[in-house]
Amino acid sequence: MSNQILRRAGLFGASATAAVVASVATAGPAGAAVPDGWPVAEEMTASGLLLLILLIPVILTVVISLVVLLPGVLRGEGLLPKPHKGDDDNLPATTH
């Protein structure tokens, strides 16, 4: 039984490797020329890159966090969970 499993695993590995090699071998360079009539884009500045990579995700994180947390804070629930009280458990009683 294990010989059959090894044979199938080898066949799967060989076919996956062949698929990867074939896709890499047939890949050619992309034709990325700007079409006629389109404006040529300027180089991106360091501040533009920082804005794109850092500032926009931070702003989105803050906005999403406020949308999620603000309703509970306005209702008076606070940000931290309340401590659990053991008296009102709905668990069945244990018999010893």
Side-chain angles (χ1 to χ4, degrees):
M1 178 95 176
S2 67
N3 191 16
Q4 186 180 11
I5 293 173
L6 287 175
R7 188 179 319 162
R8 285 186 182 182
L11 181 62
F12 177 75
S15 61
T17 303
V20 169
V21 167
S23 65
V24 169
T26 58
V34 177
D36 294 332
W38 282 20
V40 178
E42 298 177 7
E43 295 271 335
M44 181 175 277
T45 62
S47 60
L49 182 65
L50 284 176
L51 176 75
L52 185 67
I53 292 177
L54 295 176
L55 195 58
I56 292 175
V58 168
I59 290 172
L60 285 174
T61 302
V62 169
V63 168
I64 291 171
S65 298
L66 285 175
V67 166
V68 170
L69 294 174
L70 200 57
V73 171
L74 292 177
R75 283 193 304 257
E77 296 174 2
L79 294 176
L80 298 175
K82 305 288 187 246
H84 178 68
K85 298 178 184 175
D87 297 336
D88 58 349
D89 281 344
N90 292 329
L91 300 176
T94 58
T95 56
H96 293 278

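None of the values given here were measured: they were computed from a predicted structure. In this chain, numbering begins with 1 at the start of the sequence shown.
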#### Entry: Residue pairs passing the salt bridge (charged side-chain N to carboxylate O under 4.0 Å, His left out) test where at least one lies in residues 63-79, sequence neighbours excluded
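Qualifying pairs: R75-E77.
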
### Query
Which other residues belong to the hydrophobic cluster containing L74, where Ile, Leu, Val, Met, Phe, Trp and Tyr are joined when side-chain heavy atoms lie under 4.5 Å apart, directly or via other members?
L70

### Message
According to salt bridge (charged side-chain N to carboxylate O under 4.0 Å, His left out), who are the partners of R8, at least two apart in sequence or on a separate chain?
### Response
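R8: no salt bridge (charged side-chain N to carboxylate O under 4.0 Å, His left out) contacts found.
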
### Task
Return the set of residues passing side chain to side chain donor-acceptor pair (under 3.5 Å) with S65 (not counting sequence neighbours), or none when no residue passes.
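By the side chain to side chain donor-acceptor pair (under 3.5 Å) rule, S65 matches no residue at all.
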
### Summary
By side chain to side chain donor-acceptor pair (under 3.5 Å), R7 pairs with (sequence neighbours left out) none

## Note on the structure
Residues passing the side-chain contact (heavy atoms from CB on, under 4.5 Å) test with L66, sequence neighbours excluded, are V62

List the atom pairs, with distances to 0.1 Å, where a side-chain N or O of residues 31-58 and a protein N or O form a donor-acceptor pair under 3.5 Å, not counting sequence neighbours.
unit_1	atom_1	unit_2	atom_2	d
T45	OG1	S47	OG	3.2
T45	OG1	G48	N	3.2

